[in-house]
Amino acid sequence: MPVTSAIDRVAPPLFIFIWATGYIAAKLAAPYADPLTFLAWRYAGVVVLMLVLALAARAAWPTRREMLHLAVAGIGIQALYLGGVWVAIRQSLPAGTAALIVNLQPVLVAALAPLIGERVAPRQWLGVALGLGGVLLVIWHKLNLGASFGPPLGLCLMALLAITAGTLYQKRFVPHFDLRTGQVVQFAAALAVTLPLAWALEPMRIEWNAPVIAAMAWSVLVLTAGGISLMFYMLRHGRVTAVSSTMYLVPSVTAVMAWLLFGETLGAQAIAGMGVTLLGVYLVVAKKTETSA
């Protein structure tokens, strides 16, 4: 029990930090690799890594029905979400606009949570609204809505719907599975979708220089193997509304990283937005005193 409690305390902030570094990895790789091609290599790397770990530990494999559910969730959470965001940004959608759209996820999750038997209390709704408002304050100066129309916007909206649906689907149909074998199935499904699209839509350019190798290593070993595993752990042990709401903190953490690493501005408005976001997430994830329905 003490070990589980310690993991439960550490998992959310570690997940937020790891997830936020995805923008740093994307920035490193973007000039040298086509987005779907990079993601296909990333998925293949995760499949190999998790397969080795699963075989070494003789981990339990999911049943055929569970494999099907994991594959469906993986296509949404990985292939459609990451593919949509990466391609949308490559097609000129501002990163700030993309972040705002994707961070509508907690709102959708909260609205749809009753479909999987979760109750969203009034205080949590307030937290969801405050979290969204805080995110908007953090990235407002980066928004360029004039470039947000057309296919890139559609891709980003698809990514939002995909990760929301994939998260709820997984929580509903296969909440418990071995993280090693489960990720083999999910990323193999994501690879099966992404690789043909990369072949059909891109020249599949990837330059194996130091930035790309660093971004790939970080993406496979930390972002995917670490970040996704933490997200799955939190989904298994927590409520999907609370888990998704922690993603509100990602733009704030990313803004701090960009300030430290790339000298991007971090003004009073952004700092105020981080405070509002923290309050919103606290209202969503704090222990509730009201009785369950």
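Side chains included, hydrogens not; waters and symmetry mates left out as well; all remaining heavy atoms used. Starting from 1, each residue takes its place in the sequence as its number.
Under a hydrophobic clustering in which Ile, Leu, Val, Met, Phe, Trp and Tyr are joined whenever their side-chain heavy atoms come within less than 4.5 Å, directly or via other members, L221 and F17 fall into the same cluster. Linking Ile, Leu, Val, Met, Phe, Trp and Tyr whenever their side-chain heavy atoms come within less than 4.5 Å puts L201 and L80 in one cluster.
Here the closest non-hydrogen pair linking M204 and W199 is SD-CA, 3.6 Å. Closest approach of F38 to A29, counting heavy atoms only: CE1-CB, 3.7 Å. The minimum heavy-atom distance linking G166 with A73 is given by the pair O-CB, 3.8 Å. Closest heavy-atom contact between G83 and L36: CA-CD2, 4.0 Å.
Two residues are said to be in side-chain contact when any heavy atoms from C-beta on lie closer than 4.5 Å; T167 and I163 meet this criterion. Counting heavy atoms from C-beta outward, V174 and F177 have side chains that approach closer than 4.5 Å. Counting only heavy atoms from C-beta outward, the side chains of D34 and P203 approach each other to under 4.5 Å. In this structure, M67 and W61 have side chains that are in contact, with non-hydrogen atoms separated by less than 4.5 Å. Side-chain contact between V193 and Q78: absent, with no pair of heavy atoms (C-beta onward) separated by less than 4.5 Å. The shortest side-chain heavy-atom distance between W41 and S219 does not fall under the 4.5 Å cut-off. Contact annotation: the side chain of L28 never approaches that of V212 to less than 4.5 Å [non-hydrogen atoms, C-beta and beyond]. Within the 4.5 Å cutoff, no side-chain heavy atoms of Q183 are placed close to those of L51.
Here the straight-line distance linking atom CD1 of I77 with atom CG of L168 works out to 9.5 Å at 0.5 Å rounding. I75 contributes atom CD1, which lies 12.5 Å from atom CZ of F187 (distance to the nearest 0.5 angstrom). From W86, atom CH2 reaches atom OG1 of T37 across 11.0 Å, with rounding to the nearest 0.5 Å.
Within a 6.0 Å sphere centred on CZ of R205, other residues, nucleotides and ligands contribute more than 12 heavy atoms.
Side-chain atoms of Q186 never come within 3.5 Å of backbone atoms of A71 as a donor-acceptor pair (strictly under, hydrogens ignored). A donor-acceptor pair is defined here as one N or O able to donate and one able to accept, closer than 3.5 Å; no such pair exists between the side chain of T181 and the backbone of A59. Side chain of T194 to main chain of L191: no donor-acceptor pair is present (N/O by atom type, distance under 3.5 Å, no hydrogens or angles).
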Working for side chain to side chain contact (heavy atoms under 4.5 Å, CB included), residues L55 and R180: CA-CA 9 Å; L55 294 176; R180 294 154 298 192; over 6 Å; no
Check against side chain to side chain contact (heavy atoms under 4.5 Å, CB included), T164 and L160: CA-CA 6 Å; T164 302; L160 165 65; 4.0 Å; yes
Verdict with supporting geometry, L223 and R42, side chain to side chain contact (heavy atoms under 4.5 Å, CB included): CA-CA 10 Å; L223 275 170; R42 172 178 173 177; 3.8 Å; yes
Worked check of side chain to side chain contact (heavy atoms under 4.5 Å, CB included) between L82 and Y43: CA-CA 11 Å; L82 286 174; Y43 300 153; 3.6 Å; yes
E66/R64 under salt bridge (Lys or Arg N to Asp or Glu O under 4.0 Å): CA gap, chis, key distance, verdict: CA-CA 5 Å; E66 289 172 336; R64 288 185 179 180; over 6 Å; no
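Separation of the W208 and Y32 ring centroids does not fall under the 6.0 Å cut-off.
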